[in-house]
Protein chains: 2
Amino acid sequence: MAYKHTATSDGVYAQLKEQILHLELPPGAAISEIETAEKYSISRTPVRDAFKRLEREGLLEIRPHIGTFISLIDLNAVSDVLYIREVLEFSVLSDLSRMYDKSQDLRIRLILQAQKELLDSDMPIEELSRAFINSDNEFHTALFDAAGKKNIIKFLYEYNSQYERFRTFINFNGKDDLTKLYEAHVEIWNCITTQDLDGLNACINHHLYDGFSSSSDVISKCPEYFTKIR
Amino acid sequence: MAYKHTATSDGVYAQLKEQILHLELPPGAAISEIETAEKYSISRTPVRDAFKRLEREGLLEIRPHIGTFISLIDLNAVSDVLYIREVLEFSVLSDLSRMYDKSQDLRIRLILQAQKELLDSDMPIEELSRAFINSDNEFHTALFDAAGKKNIIKFLYEYNSQYERFRTFINFNGKDDLTKLYEAHVEIWNCITTQDLDGLNACINHHLYDGFSSSSDVISKCPEYFTKIR
DNA sequence: TGTCAATGACTTGCATACCAGAAAATAAAA
DNA sequence: TTTTATTTTCTGGTATGCAAGTCATTGACA
């Protein structure tokens, strides 16, 4: 992993992944190797490499001799990622709370400030949502980093493609959800700096699951995007 | 993932992975596509697929136009996996402890019994070690399953190739370590059935880290197998 | 009209040839 | 002898053709 791959294969991988996560390539849609190759004016080989990689991340479903399809959003996988995040995040942030010193405060506050400014801006909701999700990831990464657990969140991010896609799906809903996220961030940071572990636990729980539970009506708008529930 | 791939690519992947995890292909060794292809009497294409997959799991390092090498054992990655396992396992087993009912007891005790019999047998240490590690994984899988969190441990297993390899490395050491693992298993199960959460926490901690801390002298026997420590 | 087999148009998996980059070996020059 | 070009020979990356599997259409036959 320390050494670069060729840009061709990596390029189509990155572009396809972004399109899938942003639902521009909708769940269930067919996508063929040769078609993609022609679109990018390259051969099938690097496309195949990218496809295989995306399949392992659960974003594509390759059915040999039949076709390749954008995978449906697997709510079970999303639920699993949420559980893992909840547990790991509480553990790491508890550690951080115990070792917290004021020198870390500025960096976090800057991120929070940026999020507030995003919410006050008048971007179109799609653009705002993307920008805010990026900032959200930045916030959580900064927290893990402050706790000396940078690698742990890298691990999480490699596995949460399904969750990212789900989040994109429900966040197009409106600005209110994003505002709630921001407020939760502020509260989480307050709990950490005041070493309120019980409050922290409750916060993380809410923060992660909130959008999830209030989303069943959103899901029903596009049921064909999702796998059947367990 | 629900659909099979072709057997050719999957086959070499599985075989190579086993050889790497069992250290038959030692860390740092070179391994070439064409050589491997000839060995299995297939073309480079399925070999390349397998290589790419192993690279993403951190078991190979592909350096374009230079060569492909069995990756060194990354103790940082091992340490991260241990942390994640500790946190997740304590959380899941705490849940299990709260919801424990006696119908689950038999299955676990059978696994423990099998482990005891393994230890009492007179297998050669290498074979014993492999068999015990398999049984160890079975034990932990059964626990997660009993807690209704089967997917969570699948998640873990996909990420712990580095850890598995490390374990193979230190367990060739002798029977004592395996005996300790067995005793820890018994104690963990006792803690769960008696709902002793504090004891459980301590157990898991010991269980995971024990072999790790006592292994620095073992590591020094083959320093060329490991990456530099953080 | 209804049934079933043949056919053709797709798909991805695999084999092979060629390309580009890197390193080592060789040859030429100081 | 030492140093510097140059060439040779590795490597993996890419392009492409063929093989094999799947499905929908079609046409023959009952």
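Chain letters run A, B, ... following the sequence lines, proteins first, then strands; residues in each count from 1.
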Any A/Thr45 side-chain nitrogen or oxygen under 4.0 Å from OP1 or OP2 of D/dT14
no
Separation of A/Lys52 atom NZ from C/dC14 atom C1', in whole Å?
10 Å
Extract the stems that DNA chain D is part of, considering only consecutive pairing runs of at least three Watson-Crick or G-U wobble pairs, both distances under 3.5 Å.
C:1-30 with D:1-30
Determine, stepwise, if the pair A/Asp10 / A/Arg53 fulfils salt bridge (charged side-chain N to carboxylate O under 4.0 Å, His left out).
CA-CA 10 Å; A/Asp10 287 355; A/Arg53 217 166 135 189; 3.2 Å; yes
Calculate the interatomic distance between B/Ile42 atom CD1 and D/dA19 atom P; express it in whole Å.
19 Å
Please write out each protein N/O paired with an N/O of nucleotides 5-12 of chain C under 3.5 Å, distance rounded to 0.1 Å.
| unit_1 | atom_1 | unit_2 | atom_2 | d |
| --- | --- | --- | --- | --- |
| C/dT12 | OP1 | A/Thr68 | OG1 | 3.1 |
| C/dT12 | OP2 | A/Glu33 | N | 3.4 |
| C/dT12 | O4' | A/His65 | N | 3.2 |
| C/dT12 | O2 | A/His65 | NE2 | 3.3 |

Residues pairing under ring pair (Phe, Tyr, Trp, His ring centres under 6.0 Å) where one sits in residues 125-155 of chain B, two or more places apart or in two chains, turn out to be A/Tyr159-B/Phe155, B/Phe139-B/His185, B/His140-B/His185, B/His140-B/His207
Roughly how many Å is it from CD in A/Glu38 to C1' in D/dT14, rounded to a whole number?
16 Å
Ion pair check, A/Arg167 and A/Glu164, cut-off under 4.0 Å
yes
Which of these passes side chain to side chain contact (heavy atoms under 4.5 Å, CB included) with B/Lys149: B/Leu96, B/Asp95, B/Leu143?
B/Asp95
Which is it for B/Tyr163 and B/Val78 under the side-chain contact (heavy atoms from CB on, under 4.5 Å) test, yes or no, and what are the steps along the way?
CA-CA 5 Å; B/Tyr163 173 54; B/Val78 172; 4.1 Å; yes
When the distance from CG of A/Asp49 to C1' of D/dT16 is rounded to whole Å, what number comes out?
15 Å
Within the pair A/Thr8 and D/dT14, is there a side-chain N or O less than 4.0 Å away from OP1 or OP2?
yes
A/Tyr83 versus B/Ser91, side-chain donor and acceptor atoms under 3.5 Å:
yes
Short side-chain donor-acceptor distance under 3.5 Å, B/Gln113 and B/Glu117
yes
Just by distance, do the side chain of A/Ser135 and the backbone of A/Gln115 share a donor-acceptor pair under 3.5 Å?
no
